[in-house]
Amino acid sequence: MTASPAESAAPRRDQPCPCGSGKTFALCCEPILTQQRPAATAEELMRSRFTAHVARDYAHLHRTYAKTASEPYEPGKDPAATAWTRLVIHAHDAGVRPDTSFVDFTAYYREGEQEHALHEKAEFHRINGAWLYTRAVRQGPAPVRSEAKVGRNDPCPCGSGRKYKQCCLGKA
């Protein structure tokens, strides 16, 4: 799946940013990609990383990934580009620790005539004041419980008429 040169061109400053923020590229991701300023939040870094994929700015992806950020960037052979089309941020949550954050997002890409989705919950850490992408915590949407959890003092689901804790809890 490759993008045509027109699709992989760097975004124009006066056009909407590819990250979907509603701002122009010049006011949104460009200052982060050009290292004029760091990303203020994990969500801002996620948006800039998506835009870097669109623009094929592999140096930005390298320096904002925790495993490679401390290593010098060595451009390699340009891999086949994915035609990224849009980004939807579902949630941006602070972690338990102050310098950890999670971004739940869906990145859409085109393959042939079909649009596909990559849904991920990503973990970010702030290291020395800079947000870095660390890992994918989950691929795909969050799991949904189909049944409510039975409480210890609820009636047993087996229909015995006794409390769950006095009936089937020990057998579970």
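Computed from a predicted structure; not experimentally measured.
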As an exercise, state the distance from [atom1] of [X] to [atom2] of [Y], rounded to the nearest 0.5 Å.
X    : Y    : atom1 : atom2 : answer
C29  : M46  : SG    : CE    : 10.0 Å
E120 : F102 : CD    : CZ    : 12.0 Å
E111 : T85  : CD    : OG1   : 12.0 Å
I127 : L132 : CD1   : CG    : 5.0 Å
R12  : T24  : CZ    : OG1   : 11.5 Å

Worked check of side-chain contact (heavy atoms from CB on, under 4.5 Å) between H62 and E74: CA-CA 9 Å; H62 178 87; E74 295 179 22; over 6 Å; no
Within 6.0 Å of CG in N153, more than 12 heavy atoms from elsewhere: yes
Over 12 non-hydrogen atoms of neighbours within 6.0 angstrom of CD in Q36: yes
Given side-chain contact (heavy atoms from CB on, under 4.5 Å), test D14 with F25 step by step and report yes or no. CA-CA 6 Å; D14 60 339; F25 175 61; over 6 Å; no
Give the cluster check for Y65 versus L87: same hydrophobic cluster or not, with ILVMFWY residues linked at side-chain heavy-atom distances below 4.5 Å. yes
Is there a path of hydrophobic side-chain contacts, each under 4.5 Å between heavy atoms of I, L, V, M, F, W or Y residues, that connects Y109 with F50? yes
Could you tell me which non-hydrogen atom of [X] sits nearest to which non-hydrogen atom of [Y], and how far apart they are?
X    : Y    : answer
F105 : A107 : CD1-N, 3.9 Å
T134 : F124 : OG1-N, 3.9 Å
L118 : Q139 : CD1-OE1, 3.5 Å
Y133 : L45  : N-CD2, 3.8 Å
L33  : S48  : CD1-O, 3.5 Å
W131 : A39  : CD1-O, 3.5 Å

Assess the side chains of H92 and T41: does a donor N or O sit below 3.5 Å from an acceptor N or O? no
[X] side chain near [Y] side chain, heavy-atom distance below 4.5 Å:
X    : Y    : answer
T34  : H60  : no
I89  : V103 : yes
T51  : P11  : yes
R138 : H119 : yes

Quick test of your reading: applying salt bridge (charged side-chain N to carboxylate O under 4.0 Å, His left out), list the pairs with at least one residue in [range], sequence neighbours left out, ordered by first then second residue.
range            : answer
residues 79-96   : R86-E115
residues 150-169 : none
residues 40-50   : R37-E44, E43-R47
residues 15-35   : R13-E30

Set of residues satisfying salt bridge (charged side-chain N to carboxylate O under 4.0 Å, His left out) with respect to R126, sequence neighbours excluded: D99
Side-chain donor/acceptor of H125 to backbone N/O of A66, under 3.5 Å: no
Given a cutoff of under 4.5 Å between side-chain heavy atoms of I, L, V, M, F, W and Y, with clusters grown through shared members, what are the other residues clustered with Y73? Y58, L61
